[in-house]
Amino acid sequence: MKDLETGETREATPKVDISSVIEKEAIRLNTTEGDVSEGRNVERDTLLQDFIPTFAADNLLNYVKREFND
């Protein structure tokens with residue numbers, strides 16, 4: 001991240017674990033073994049609650065601002 005006004009840079013990246021979503025999709029595509037008893041709605045909810053809010057453009061901007069204000 002870089003503060004464009006001061007030029008200061010920091011190493012900070014938001015982290016979101018979506019490995020369960022990827023694993024379940026791999027099972028559905030017969031790429032790996034496993035059971036997927038729930039429907040895709042569970043994965044959609046995970047992405048909606050965790051991934052999308054974190055990486056939405058306005059949220060990333062707020063994340064960067066918070067990091068520099070700490």
Side-chain angles (χ1 to χ4, degrees):
M1 296 182 303
K2 183 175 184 177
D3 185 320
L4 297 178
E5 290 179 12
T6 66
E8 179 186 359
T9 60
R10 293 193 182 178
E11 293 294 324
T13 306
K15 293 178 176 40
V16 176
D17 183 9
I18 59 169
S19 59
S20 64
V21 174
I22 294 168
E23 179 182 11
K24 289 177 183 174
E25 192 57 28
I27 293 168
R28 285 189 185 93
L29 295 171
N30 294 318
T31 304
T32 187
E33 298 285 324
D35 177 47
V36 184
S37 54
E38 326 71 45
R40 282 196 166 100
N41 289 340
V42 173
E43 285 80 45
R44 286 185 191 128
D45 288 344
T46 299
L47 294 174
L48 181 63
Q49 293 172 10
D50 299 333
F51 184 78
I52 293 171
T54 302
F55 291 98
D58 55 335
N59 291 342
L60 276 177
L61 178 60
N62 291 333
Y63 176 82
V64 171
K65 286 179 180 179
R66 278 193 311 273
E67 287 295 315
F68 279 100
N69 289 330
D70 288 343

Can you tell me how far the OG atom of S20 sits from the CD atom of E25, to the nearest 0.5 Å? 12.0 Å

State plainly whether one hydrophobic cluster holds both [X] and [Y], where clusters connect Ile, Leu, Val, Met, Phe, Trp and Tyr through side-chain heavy atoms under 4.5 angstrom apart.
X	Y	answer
V36	I18	no
I52	V21	yes
L47	V42	no

R28 and salt bridge (Lys or Arg N to Asp or Glu O under 4.0 Å): which single residue from E38, E33, E43 fits? E43

Got N41 and R44 here, is their nearest side-chain heavy-atom distance under 4.5 Å? yes

